[in-house]
Number of protein chains: 2
Amino acid sequence: MKLSSQAQAFVLHFGEMGSRWGFNRTVGQMFALLTIHPSPLNAEQLAQALKISRGNVSMGLKELQAWRLIELHHQPGDRKDYFTAAGSIWDLARTVFEERRKRELDPTLSLLRQLLLNEPQDEQEAQAQEKIQEVYSLLELLEEFANTLSKLEHDDLLKLMKLGSGIVKLLELKSRLTGGTSSSD
Amino acid sequence: MKLSSQAQAFVLHFGEMGSRWGFNRTVGQMFALLTIHPSPLNAEQLAQALKISRGNVSMGLKELQAWRLIELHHQPGDRKDYFTAAGSIWDLARTVFEERRKRELDPTLSLLRQLLLNEPQDEQEAQAQEKIQEVYSLLELLEEFANTLSKLEHDDLLKLMKLGSGIVKLLELKSRLTGGTSSSD
DNA sequence: CTTAAGTTTCAGAAATTTCTGAAAATTGTA
DNA sequence: TACAATTTTCAGAAATTTCTGAAACTTAAG
């Protein structure tokens, strides 16, 4: 388990960025290592390569499994658990996207829904309620859009992402064909 | 500065979620409060409403300014600085989206670009390089797509987000008109 | 220049998160 | 069943982040 300086830099960077992506340094490093390494690795190898404790590796693997980012393999005649990144880079990105949507959007939507059930007691509360409603509508729309993107076939997603400013033309085309000139959906 | 229990819950929740959105608890709370409160607030009022120190408020305001999420106002005959959330809820969401793209994507793109300049020295490095290239291509595409979305007019963005599964039909329509049946852009 | 109102800074305290390592639990094999 | 290999747990240590509050700084006005 010697890492090339390439791999080293890649792994360390994912450790640094980890916190911005929702996990801690060592979890980020473990994920990066499992992603660039061509073959499955066991806990011992991860601990050794990243110079962290065995216990920490165990907790990190648990978290990566909760994110559904890694999968377990077994080598014949070896009782150790071996892990690889789960699927292609695209699969991984999709999974991170979905997990983050869940963690960043859902709890807020759920709270706001709750708050909107209350009847406002005075003018001030009515105004606050209005703002809350605005935030709620926006987040709900975001959530639905994120869902739509998640469900797209790889090909379609790729096409969409490559459209660039072509998107505007396509949207115009659509309203011309289906919706008159001005009204929205 | 008495908060209704509505407002209270809203503010506290944004504090909790803050860390998932890239800022700390008190910054999240300050942002939430400036968002639901109908009029501009000064540092003293924020400190008092959130029960945090004056110094902490000052640092929080600095950070919210760095995110371009709040703006400064002055009341005639009052030397204090007053703040409000910058723009509509949609403006705010757009800004958060852009800032996060910058912070979460750009540093990684920049590092990977760097790594791809090196000539691989052996088979193992060549393989790693390939993986890095895959990650890079994906993130670059993501970045461009995020850029496209950022630049869309509010109306167009809304239309796009409301399309739902209509997106697939639109993409089909497009290939039928411009690109034969299978080829991508 | 002086003063008072207001803001920012920053060293250290407090809170929170992450990490270690030894002990406990689990698992496969004989 | 016993046992050895492996994984998991978790209490406390270490590291990191956040927060406080007093001092330093800035600014407007007399």
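Letters A, B, ... mirror the listed sequences (proteins, then strands); counts begin at 1. Side-chain atoms are counted along with the backbone in the values below, which use heavy atoms only and exclude waters and symmetry mates.
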Looking at A/Thr148, A/Leu142, A/Leu149, which hits side chain to side chain contact (heavy atoms under 4.5 Å, CB included) with B/Met161?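 Answer after filtering A/Thr148, A/Leu142, A/Leu149: A/Leu142.
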Test side chain to side chain contact (heavy atoms under 4.5 Å, CB included), reference B/Phe83, set B/Met30, B/Gln65, B/His73, output is B/Gln65
Heavy-atom nearest nucleotide on DNA chain C taken for B/Leu61 and for A/Asn56; more 5' hit belongs to B/Leu61
If you find the nucleotide of DNA chain C closest to B/Ala43 and the one closest to A/Lys51, which residue's nucleotide is nearer the 5' end? B/Ala43
Just to confirm, is there a sub-4.0 Å distance from OP1 or OP2 of [N] to any side-chain nitrogen or oxygen of [X]?
X       : N      : answer
A/Arg54 : D/dT7  : yes
B/Thr26 : D/dT18 : no
B/Lys62 : C/dT9  : yes

Could you state the atom-to-atom distance from [atom1] of [X] to [atom2] of [N] in whole Å?
X       : N      : atom1 : atom2 : value
A/Glu63 : D/dT8  : CD    : P     : 14 Å
B/Ile52 : C/dT7  : CD1   : P     : 14 Å
B/Gln48 : C/dG6  : CD    : P     : 15 Å
A/Leu50 : C/dT18 : CG    : P     : 16 Å
B/Glu44 : C/dA5  : CD    : P     : 13 Å
B/Asp81 : D/dT27 : CG    : P     : 11 Å
A/Arg20 : D/dT16 : CZ    : P     : 16 Å
B/His74 : D/dA28 : NE2   : C1'   : 11 Å

First of A/Asp78 and A/Met59 reached from the 5' end of DNA chain D, by closest nucleotide: A/Asp78
Earlier contact from the 5' end, DNA chain D, for A/Gly55 and A/Arg79: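 That would be A/Arg79.
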Between [X] (side chain only) and [Y] (backbone N and O only), is there a donor and an acceptor less than 3.5 Å apart?
X        : Y        : value
B/Arg20  : A/Gly22  : no
A/Ser175 : A/Leu171 : yes
B/Asn147 : B/Glu144 : no

The side chain of [X] is closest to which nucleotide in this list: [options]?
X       : options               : result
A/Ser58 : D/dT9, D/dC19, D/dT6  : D/dT9
A/Arg25 : D/dT7, C/dC19, D/dT6  : C/dC19
A/Ser53 : C/dG21, C/dT7, D/dG21 : C/dG21

Can you tell whether the side chains of A/Glu104 and B/Arg100 come within less than 4.0 Å, N to carboxylate O? yes
Polar contact flag, side-chain donor to acceptor under 3.5 angstrom, B/Ser137-B/Gln133: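 Judged by distance alone, the side chains do pair up.
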Any donor-acceptor pair under 3.5 Å linking the side-chain atoms of A/Thr26 with those of A/Asn24?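 Distance-only check passes for A/Asn24 and A/Thr26.
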Relative orientation of the end axes in the helix from C/dC1-D/dG30 to C/dA30-D/dT1, expressed as an angle to the nearest 10° (five pairs per end):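 The angle, to the nearest 10 degrees, is 20°.
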Which part of the nucleic acid does B/Asn24 contact within heavy-atom distance under 4.0 Å: base, sugar-phosphate only, or nothing? sugar-phosphate
Check every strand shown and say whether B/Asn42 touches a base, only sugar-phosphate, or nothing at a heavy-atom separation below 4.0 Å. nothing
Using a strict heavy-atom distance below 4.0 Å, which residues from residues 29-39 of chain B are in contact with DNA chain C?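 By residue number: none to list.
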Chi angles and distances behind the side-chain contact (heavy atoms from CB on, under 4.5 Å) call for A/Leu69, A/Leu34: CA-CA 10 Å; A/Leu69 288 173; A/Leu34 292 174; over 6 Å; no
Set out, in order, the CA-CA distance, both residues' side-chain angles and the distance that settles side-chain contact (heavy atoms from CB on, under 4.5 Å) for B/Ser4 and B/Gln8, then state yes or no. CA-CA 6 Å; B/Ser4 69; B/Gln8 185 87 10; over 6 Å; no
